[in-house]
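Worksheet: the structure to be examined is printed underneath.
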Amino acid sequence: MKKRLIKARKMRGSPSIQIETFWDHSPTEEELSDLLFGHWTREEYMHSVHAQDSEYGMIFRLFMIRGDARKAKSYLAKIQDQALRNEFESSDILAPESAGL
């Protein structure tokens with residue numbers, strides 16, 4: 001499957017960068033509700049995207065919701081910021097430990 005990546009603008013008008021988001025993994029309406037805790041449109045959400053590590057965390061959560069612990073773990077491992085990785089790992093409702101991560 002060819003990965004679709006969106007272009008997000010860095011703050012202050014810097015050149016655009018390629019960021020993989022959970023939207024690239026075709027979330028269902030139910031998954032969107034679980035991930036976004038509200039009624040964000042794709043466009044509204046994309047305006048807030050600035051860091052790949054945060055998006056890897058959201059993709060981690062998406063695959064945890066789907067019950068795909070192996071794939072979730074692969075995205076958690078991509079987060080370079082250790083503190084952020086720990087935050088996603090420990091604050092997720094579906095904690096990796098319960099899924100055998």
Side-chain angles (χ1 to χ4, degrees):
M1 176 173 89
K2 185 177 178 183
K3 209 182 271 187
R4 291 182 311 118
L5 299 177
I6 59 93
K7 287 186 178 182
R9 301 281 303 162
K10 285 185 177 179
M11 297 181 83
R12 299 188 180 151
S14 297
S16 62
I17 56 173
Q18 299 290 320
I19 294 181
E20 180 181 4
T21 74
F22 69 87
W23 291 98
D24 297 312
H25 299 275
S26 306
T28 65
E29 288 297 321
E30 185 176 341
E31 291 168 340
L32 287 173
S33 178
D34 289 345
L35 286 168
L36 298 177
F37 307 108
H39 303 285
W40 290 52
T41 65
R42 181 181 178 132
E43 291 74 26
E44 289 170 335
Y45 182 82
M46 298 314 287
H47 284 293
S48 70
V49 173
H50 297 291
Q52 183 64 75
D53 272 357
S54 295
E55 287 308 304
Y56 284 151
M58 293 297 284
I59 298 168
F60 159 76
R61 286 186 173 156
L62 175 64
F63 284 109
M64 289 301 287
I65 290 168
R66 291 179 176 175
D68 189 340
R70 182 178 295 184
K71 198 155 196 172
K73 183 180 179 181
S74 73
Y75 278 95
L76 186 65
K78 290 181 180 188
I79 300 174
Q80 295 180 11
D81 180 325
Q82 184 65 44
L84 184 62
R85 184 182 318 140
N86 291 343
E87 183 179 325
F88 274 105
E89 191 171 29
S90 66
S91 68
D92 202 279
I93 295 169
L94 301 169
E97 303 81 44
S98 66
L101 295 181

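Positions are given from 1, in the same order as the sequence printed here. Note that the structure is a prediction, hence the values are computed from the model and not measured.
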Short question: side chain of [X], backbone of [Y] - any donor-acceptor pair under 3.5 Å?
X   : Y   : answer
D68 : F63 : no
S90 : N86 : yes
E31 : T28 : yes

Where [X] and [Y] come nearest, the two heavy atoms and their spacing:
X   : Y   : value
A51 : I19 : N-CD1, 4.1 Å
W23 : L36 : CZ2-CD1, 4.2 Å
L32 : P27 : CD2-CG, 3.6 Å

Could you give the distance from [atom1] ([X]) to [atom2] ([Y]), rounded to the nearest 0.5 Å?
X   : Y   : atom1 : atom2 : answer
E20 : Y75 : CD    : OH    : 3.5 Å
D81 : Q52 : CG    : CD    : 13.0 Å
Y56 : L84 : OH    : CG    : 12.5 Å
D34 : I65 : CG    : CD1   : 4.5 Å

Query raised in the report: Checking R42 against Y45: charged group under 6.0 Å from the ring centre and within 45 degrees of the axis?
Result: no
Quick one: does [X]'s side chain get under 4.5 Å of [Y]'s, heavy atoms only?
X   : Y   : answer
M46 : T21 : yes
L35 : L62 : yes
S48 : W40 : yes

Requested in this report: Verify the neighbour count for atom CD of Q82: are there more than 12 heavy atoms of other residues, nucleotides or ligands below 6.0 Å?
Outcome: yes
Query - Option from K71, R85, R61, M64 for which side-chain contact (heavy atoms from CB on, under 4.5 Å) with L76 holds - result: R85
